[in-house]
Amino acid sequence: EAPEGGSVAAVENTKGPVRIAFLSFQNNPFWTPVTEGAKAANDYLTKFDATVDFVDLGDELSAEAVVAGIEGALAKKYDGIVVVPIFDGTARIINEATDEGVPVFNIVAEGATESKRLAFIGQDATSAGKQIGEYIAKEMDGKGKLGVITGYFGATQHTQRMNGAVDYLKANFPDIQIVGPFENKDKAESAYSLVQDMMTANPDLSMVYVTAGGPFGAAKAVKDLNLTGKVGVVGFDHTPDNMQYLKTGEMVGLLDQAPYQQALDSSVMLYNYIVAGQEPPAKVIPVTGKLLTPDDAK
Amino acid sequence: MRSDSLKEAAVPGAVASSSPPPLVRVRGIAKSFSGNAVLHSVDLDLRAGEVVGLLGENGAGKSTLMHILSGGLQPDAGTLEMEGAPVRFGSVADGIEAGVSFVHQELSVVGALSVAENLHLGRMSRSRAGLVDFGLMEEASRALLERVGAGHIEPRREAATLRAGEQQLVEIAKAAARKPRLLILDEPTSSLTPHEVGGFFSYVREARAAGVAIIFITHRLEEAMALCDRVVVLRNGAIVSERRPAETSRQQLITDMTGKPAIYEHRPRTINGDTIALSMKGVSDGRLLAGIDLDVRKGEIFGLFGLVGAGRTELLDLIHGVHRPTAGTISLFGEGLCLRDPSEAVRAGIALVPEGRKTAGILPQHSVRDNAAISSLRRFSRGLFSDRGGDPRRMASYRQSLGIRMATDTQAISTLSGGNQQKVIFARALMAEPRLLLLDEPTHGVDVGAKADLYDIVTREAEKGLTVVIASSEVPEILALCDRVAILSKGRLAGILDRAAMTEDTILTMAFKEH
Amino acid sequence: MQTGVAYIRSLGRYREASVLAMLAAVALYLSFASDYFLEPRNLLNVGRQASVVAIVALGQALVIIARGIDLSVGSVIGLSAVVAAVLMRDTGSETIGLMAGLLTGLACGLVNGVLYTRFRINPFIATLGTLSIARGIALLMTGGIPVPFGGLAEFVGAGRIFDIPVSFLLMIVLAIVVHVFASRTVMGREIYAIGDNPKAARLAGVNLRAIRLVVFGLCGLLAGLGGLILAGNLASADPNLGMGYELDVIAAVILGGTALSGGRGSILGVVIGALLMALLNNAFVLLGISAYWQVVTKGLVIIFAVGLDGLQRRGDDD
Amino acid sequence: MQTGVAYIRSLGRYREASVLAMLAAVALYLSFASDYFLEPRNLLNVGRQASVVAIVALGQALVIIARGIDLSVGSVIGLSAVVAAVLMRDTGSETIGLMAGLLTGLACGLVNGVLYTRFRINPFIATLGTLSIARGIALLMTGGIPVPFGGLAEFVGAGRIFDIPVSFLLMIVLAIVVHVFASRTVMGREIYAIGDNPKAARLAGVNLRAIRLVVFGLCGLLAGLGGLILAGNLASADPNLGMGYELDVIAAVILGGTALSGGRGSILGVVIGALLMALLNNAFVLLGISAYWQVVTKGLVIIFAVGLDGLQRRGDDD
Ligand SMILES: Nc1ncnc2c1ncn2[C@@H]1O[C@H](COP(=O)(O)OP(=O)(O)OP(=O)(O)O)[C@@H](O)[C@H]1O
Ligand SMILES: Nc1ncnc2c1ncn2[C@@H]1O[C@H](COP(=O)(O)OP(=O)(O)OP(=O)(O)O)[C@@H](O)[C@H]1O
Ligand SMILES: [Mg+2]
Ligand SMILES: [Mg+2]
């Protein structure tokens, strides 16, 4: 039977001890459920003579850190690797590991380049953007001004989330006017200032979309400008800061990526592959995020 | 000349048992740096109300001894007493506390602060609000500057904008402000004008009258003779003589210092041919210099004299490519020079010994050897590679011929005595084997013995065909060296004198002439 | 007429003049290009946006004038905010929380000072070390999860008095205080002295160690205050707060005409530098400059702001 | 025996000695704490991971020795990679792509040099400006989307010769070349001279402008090469590649004993500094240290590495 919060059950271990490296970052609350999912996988799989070692790649997200982490895991001779590759540029090392007989399971996000990873479980950033775009269009009644704040210009995931929404809106709702995008470098304080300035230049702005870090900064600005109810913020991840403004109404939509489930399921599927050669159900296992609205928060 | 060393004929009163103990008694002070003994067992007594001149060659250990007296360095052996009681200065602050004020050989004003702030650094006055009382400080500064004969310096001026001589006066005033009991002056006059020296002398006399003990270090023997009650000569880290100025002579002091009598007179020489080495026609810099016309012959030693700010440095800078003339032409051996940078000057065969050793001369973190080599790296290179292997050999030969005193040529140049640093800069210029050598106040801080050496070298090189232009503020130096001298006054050429017409009088008269 | 020109010329002597000119030029351009720019409310927003960088830059300026550098300010911002928020949450007392936040900043600064003066570690490396350590402690204290932060801090960070942002008022008051400190107190003058010529200052009896310690301590304290304002503004103390701030802060200081080699610099210039950077971000939004051109423009403005100064000041330095 | 001790003492005179000691200590600890550390494969991984930082740091060291600083290296890494990848894609020629990448690096460096020497803009500000501009251009060229990058660059970035990573070999070769350049050539020695006392060096006939230009140009060129290696390793040229690298690179240089005030520094030290930082990251992965403790540990190691040196070298500076 599958562990709580997961959807896949482990098969019997006939191979002897199995060691899985779980490579992930830790720099903001997004990672907390990922870490917890990995821990839960470890607890669950211990009964099957398998361990899941959580390896921290540090607090600075970069492709190089991922490469160094996988190199380290290979040096330590793990039987399989779960990794958060996030960026373009990790395909080569993933292929190398696979060729050495160490299967790699990607979660959360992966680069655009095709790799020989066992499977990918996660959210497709472009469709997540589109999902938010649909919600925005509904909330805005198909017209008005939308401010866009993105994390880092040029960060693939941020760009895909942004374009997923913006392209959808441009194609289907020509009456929605886009303001921006502006870069907040994942900083809440920068989102705050950007919203202030956007409201100055566009008093008729009705919604703000923050693609990456710090949406709650935008929500706080809306609150401080006494625009609660007039301007709504949409963004990603059900972290406590963000959730708080969902309750008070500045935040009108929050999409999540089911990180806990991703971490847990990927570990178990990888284990099943290692001990029994059981392939995951698909090469790409999509996670449809849950879009929370103020109604859910009540 | 009588043999009247005070060591032999005791100073009247010095040993009289009834007299109080001297203000400072130095006994058996020794100091070495990494095994290299600089001072051996120095004994010295300093009485209140007495000016003691301290003479010695470069590197004799004068500054080192003064650092020990003021707490900046700790002796390896020996004792200090003040008024009969033993003292130990663990730091400069202890020395200041005990009433020792030290004007350092190297200028150390803080350029970013005003003159008034410099004078009060470390002890600024506060108003009742706890803020600096600039009014009070400026007033006090005016009085202090007045005392050292520098009343013309505005206390509010930023110290970085002062000339070297003015900075030196500010430092003297700063020492005076601390109401010292022992005042140490390490080559305070090296960049003062004769007029400023006068003001400084009257301050020293006034301080002496007020009962301050004063040590005065200088390489200008006339100054020592004129100002001091007693002259002490330090040689190779030991005191070799104590004399009263009235009872001795320059020659005697020079012999004490160097162990040999040095000659300070013109070295006769023949100039071969009439080739014009350097020619300037109507040169102006758009700031100060205007319409300079000069011809210097090959092998000639050509002097540039003028009062402070007359434009000598600026003229040499123009020749060296530091700045570009705004009008006129400069040519070297008939070829027009259009230099954009000193590097081009060096390539064209011009070398400069600049004014201001610390700011413009030395590379402080580099070794002596590397300091000397820097101008001639390209000359001795093999392709892109520099001839590091040959550096020690070249250095050794200049060390020998210039008499540079140091432990090894790999020590940092900043650990050398001031005069020896200057000789290294000289070695640098000569090593580049220039056709034209520019010297800007080349013997600042150089002892008489070494001066004579440098004069010999310059003369020798000129004899071999090197053309030399030397800017100097010391008339004796001009007289000792130059075949001709151009006198500058406020950026213009006041006249050119040849050997026959050169006397102290004619030179100074021209320099003071207004136009 | 003559004197007017001469006066403007004489202004050119001050290094901050060229940045001020740039600030004026951008502001002038904006006042034509955007209807909203000159609205008091927008101007006040710009002031608020500049305030944290400016406040932290005040301390940084003192450090740089004294010939040091403090790379840890960004992390100290984060750590101070976290300590304040955690203590406020756990003790329930705002006073204890805020005091603890400020003291944390001060303590970090003093640690930097001690590493420099006692252990003789180059300040660049010492503060690079504390940058990492402070960030790590903030992360450890919170497990990486932001702590809610409200009350007085929120008022300071986001509140307004007669429509004027409190943090902007605070910045002005602090700028005046630090200006007076730097230019009129004994210690202030000694800071310039040790930055310009440490050896001469020491020989004159200035206590180098004590002053360096004070300067780093002050910088830490102001960074701590910056952290409280920033977290107060967001009503949330994130352990990652202030990450990367050091570069903005140092840039504001240097833009304002302070020499990285010590001894020179004005507090007024620092404020102008911070304002210029905030104004640029404001301009991007008001003018709706397209994404990537924002990045390019920022670089160009920075270079021009200082380039003006360099061009007129020929042959000064070496 | 005596001479052995004396020899070790004499080693202490070199500033890089204490970082080397730290490197040895960490390595020794790791060889006990982890079974995998001493495996050749792991050691070579460490070498590869250090290589880009080390290569870029070689150029940065020259800049810092000449009393400059180059903050733009991170962005230049990104821009060079992007230019190379775009040109390779559009022309289909590897050679053109790679050459263009290197030339881009060189050009960025020369721009920095010209801003400094001709426009007299403080290098800190000038390179802060180009940091922004170069990143903006990289974003504009790619529309923010990474460009695939393969072929020879991938071999250089990720390939191995007899199991030894090519980029590590390249680093060793370049370190030797730069070491010889710095210590044995005319220009190398002149770089030290202008860093020590620019005015004196100039009067002694060193062409300040030319050398500064060369030094910045070299630094840009090496950053460009670093960009090619990094993008090659990842087989993808991201416009954000190298973001934030400047701090790592400068830290490696300073850790290796180069003085930020110029005139002093060794190339060997730079390599040791870069290796120490890569070793730390390797240690974190091998030992499975938690992210937050990684951050703390990193700071502590940096401080200790330099603190050892500071403690024994009392009273040197002012
Ligand atoms: N810190 C040091 N390390 C090594 N040697 C030193 C140091 N300080 C001074 N010396 C050496 O001590 C000797 C005496 O130097 P000092 O500066 O006392 O000479 P001086 O008599 O003042 O000469 P000058 O007239 O040139 O100023 C010199 O040979 C110098 O190289
Ligand atoms: N680079 C410069 N910029 C502005 N003024 C200068 C510059 N160089 C020199 N001056 C000024 O030009 C005048 C002439 O200076 P210069 O140094 O040539 O005189 P000098 O005859 O060598 O006298 P001394 O060296 O004894 O001061 C001085 O008033 C000086 O302040
Ligand atoms: Mg001396
Ligand atoms: Mg002169």
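Throughout, a chain's letter reflects where its sequence line sits, starting with A, and its residues are numbered from 1. We use all heavy atoms of the structure for the numbers below, so side chains are in, but hydrogens, waters and symmetry mates are not. Keep in mind the model is a prediction, meaning the values are calculated, not measured.
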Would you find more than 12 non-hydrogen atoms of other residues, nucleotides or ligands less than 6.0 Å from B:Q74 atom CD?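 Correct, the count exceeds 12.
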_Tell me whether C:R209 at atom CZ has more than 12 heavy atoms from other residues, nucleotides or ligands lying less than 6.0 Å away._
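Yes.
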query = So which part of B:A360 gets closer than 4.5 Å to some heavy atom of chain C, the side chain, the backbone, both or neither?
reply =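 B:A360 has no heavy atom closer than 4.5 Å to chain C.
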Problem set entry | Proximal component of B:F102, with respect to chain C [non-hydrogen, under 4.5 Å] |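 Neither part.
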For the interface with chain C, which of [options] has the highest count of heavy-atom pairs at distances below 4.5 Å?
options	answer
B:G122, B:A112, B:A93, B:S108	B:A112
B:G111, B:S101, B:S91, B:S70	B:G111
B:H104, B:R123, B:H120	B:H104

Q. Closest heavy-atom contact between C:N197 and B:V109?
A.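 C:N197 and B:V109 have their closest heavy atoms at ND2-O, 3.3 Å.
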Report task. Taking all heavy atoms of C:A193 and all of B:L121, pick out the closest pair and write down the distance. Result ->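 Scanning both residues completely, I find the closest heavy atoms to be CB-CD1, 3.7 Å.
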### Message
Any heavy-atom pair between the side chains of C:V180 and B:L131 that's under 4.5 Å?
### Response
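Of all side-chain heavy-atom pairs linking C:V180 with B:L131, at least one is under 4.5 Å.
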- Side chain proximity check, B:V110 to C:Y192, heavy atoms < 4.5 angstrom: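 They are not in side-chain contact.
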Problem - Nearest-0.5 Å distance that lies between atom CZ in C:R264 and atom CD in B:E158 - result: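 Interatomic distance, C:R264 CZ to B:E158 CD, rounded to 0.5 Å: 4.5 Å.
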ask   = Roughly how far, to the nearest 0.5 Å, is the CG atom of C:L203 from the NZ atom of B:K174?
value =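 So the gap between those two atoms works out to 8.0 Å.
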Any sub-3.5 Å donor-acceptor pair from C:R189's side-chain atoms to B:V132's backbone N or O?
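Not at all, since once roles are kept as given, no pair shorter than 3.5 Å links the two residues.
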